[in-house]
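For reference, the structure is listed below as structure tokens.
Count residues from 1 along the sequence. Both backbone and side-chain heavy atoms feed into the values below; hydrogens, waters and symmetry mates do not.
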Amino acid sequence: MVTKKPGPRRVEAWIYGVINPLEEALERESLDGRRRDPGYRWRTESLENLLPLRSYLSRAATVIMDELVSFHPSLVELEKKHDELLGRIKDAATTTFEALCESSEFQAFVTSRFAEVCEPKTMLQMVAEDVVNDEAASIDAVEGSYRHVWKESRKDLMKLREQSNYLPLRSALRDLEEEAERMRGQLLALRSQLSEEFDIPPASLYA
């Protein structure tokens with residue numbers, strides 16, 4: 001931990017450049033957890049809606065975060081825990097996606113319901129991705145018709161998802177929801193402490 005006391009301009013950069021953007025990102029993540037939508041993308045095996053903590057910051061703000069962490073090393077554990085949770089979610093989403101694609105029951109269901117509203121070459125993967133995300137969002141599809149078929153088929157699709165090793169993903173998303181709220185509280189407490197100690201407003205009117 002750095003022992004030299006920071007000045008108000010430096011603390012202002014911490015609050016406005018790092019703490020506030022991360023607090024807002026964690027709030028969105030807790031809502032994503034409730035929607036059960038990680039934004040999984042099968043082509044890249046990545047998460048679109050959920051990012052490593054520093055990815056929510058500008059390049060300059062990541063430098064400021066390094067300094068903030070040197071004064072408040074407890075944030076190291078917060079970042080580590082957050083990014084480990086994302087790894088769990090990504091791995092679990094990939095497992096569910098692959099289990100769906102390998103399921104003969106899912107294959108037969110998708111072929112019978114979606115053949116006329118999806119690109120045939122990627123139909124199975126597109127529907128499986130949307131089932132993982134609980135969101136009818138495929139772009140390689142006849143949008144209106146696809147969403148209509150999805151809405152009619154959703155109950156059956158969710159049953160098939162439950163049979164495709166979905167429990168670890170559901171558990172990981174619930175853990176993220178809870179941890180994101182806890183982490184937000186930690187950041188808000190730090191902001192309150194810094195704001196009071198250095199007489200800095202918790203948010204800028206000019207941001």
Side-chain angles (χ1 to χ4, degrees), residues 1-2 6 10-98 129-135 137 161 165-198 200 202-204 207:
M1 177 185 291
V2 178
R10 177 164 280 148
V11 174
E12 186 176 274
W14 295 351
I15 293 174
Y16 301 157
V18 177
I19 295 175
N20 286 352
L22 291 184
E23 185 272 325
E24 291 171 5
L26 289 169
E27 181 178 29
R28 291 195 301 272
E29 286 192 352
S30 69
L31 293 174
D32 283 335
R34 293 177 195 135
R35 293 205 315 265
R36 304 291 183 254
D37 178 12
Y40 177 74
R41 297 294 170 253
W42 66 274
R43 286 184 172 91
T44 57
E45 292 188 4
S46 62
L47 306 177
E48 190 173 82
N49 294 344
L50 307 171
L51 303 176
L53 202 62
R54 289 179 184 243
S55 296
Y56 292 116
L57 299 175
S58 69
R59 185 174 181 179
T62 60
V63 177
I64 297 171
M65 183 172 179
D66 286 335
E67 184 183 70
L68 173 59
V69 166
S70 72
F71 280 86
H72 297 275
S74 62
L75 296 179
V76 173
E77 188 59 32
L78 184 151
E79 181 179 10
K80 179 182 176 182
K81 178 68 173 178
H82 175 272
D83 292 354
E84 285 176 348
L85 275 170
L86 291 200
R88 275 183 56 200
I89 291 170
K90 181 177 71 68
D91 291 345
T94 299
T95 297
T96 300
F97 172 83
E98 291 175 347
E129 179 181 274
D130 285 353
V131 170
V132 169
N133 294 323
D134 198 7
E135 180 75 21
R161 185 174 70 175
N165 203 17
Y166 178 63
L167 184 59
L169 177 56
R170 181 168 57 197
S171 175
L173 286 166
R174 185 171 56 246
D175 288 347
L176 176 67
E177 176 185 337
E178 294 172 355
E179 281 298 320
E181 286 294 332
R182 185 188 66 80
M183 292 171 182
R184 277 189 68 222
Q186 187 174 340
L187 288 174
L188 289 172
L190 177 59
R191 185 179 71 182
S192 178
Q193 172 195 328
L194 293 171
S195 181
E196 180 70 22
E197 182 178 353
F198 293 91
I200 295 172
S204 172

Is any side-chain heavy atom of [Y] closer than 4.5 Å to one of [X]?
{"X": "Glu197", "Y": "Val11", "answer": "no"}
{"X": "Gln186", "Y": "Leu26", "answer": "no"}
{"X": "Val132", "Y": "Thr94", "answer": "no"}

Backbone N or O of [Y] within a donor-acceptor pair of the [X] side chain at under 3.5 Å?
{"X": "Glu129", "Y": "Trp42", "value": "yes"}
{"X": "Asp130", "Y": "Ala137", "value": "yes"}
{"X": "Arg161", "Y": "Val131", "value": "yes"}
{"X": "Ser70", "Y": "Glu67", "value": "yes"}
{"X": "Asp134", "Y": "Asp37", "value": "no"}
{"X": "Ser171", "Y": "Leu167", "value": "no"}
{"X": "Thr95", "Y": "Asp91", "value": "yes"}

In Å, rounded to the nearest 0.5 Å, how long is the span from [atom1] of [X] to [atom2] of [Y]?
{"X": "Ile64", "Y": "Trp14", "atom1": "CD1", "atom2": "CH2", "answer": "10.5 Å"}
{"X": "Leu53", "Y": "Lys81", "atom1": "CG", "atom2": "NZ", "answer": "14.0 Å"}
{"X": "Glu77", "Y": "His82", "atom1": "CD", "atom2": "NE2", "answer": "13.5 Å"}
{"X": "Ile89", "Y": "Arg174", "atom1": "CD1", "atom2": "CZ", "answer": "11.5 Å"}
{"X": "Glu177", "Y": "Arg182", "atom1": "CD", "atom2": "CZ", "answer": "14.0 Å"}

Item to check | Heavy-atom pair with the smallest gap, counting every atom of Leu187 and Ile19 | outcome: O-CG2, 3.7 Å
Checklist entry - Under 3.5 Å, is there a donor-acceptor pair between the Glu181 and Ser30 side chains? => result yes
Item to check | Check: Tyr56/Glu29 side-chain N/O donor and acceptor closer than 3.5 Å | outcome: yes
Checklist entry - Parallel, tilted or perpendicular: which fits the ring planes of Tyr40 and Phe97, with parallel below 30° and perpendicular above 60°? => result tilted
Checklist entry - Pick one: which of Arg41, Lys90, Arg43 meets salt bridge (charged side-chain N to carboxylate O under 4.0 Å, His left out) with Glu48? => result Arg41
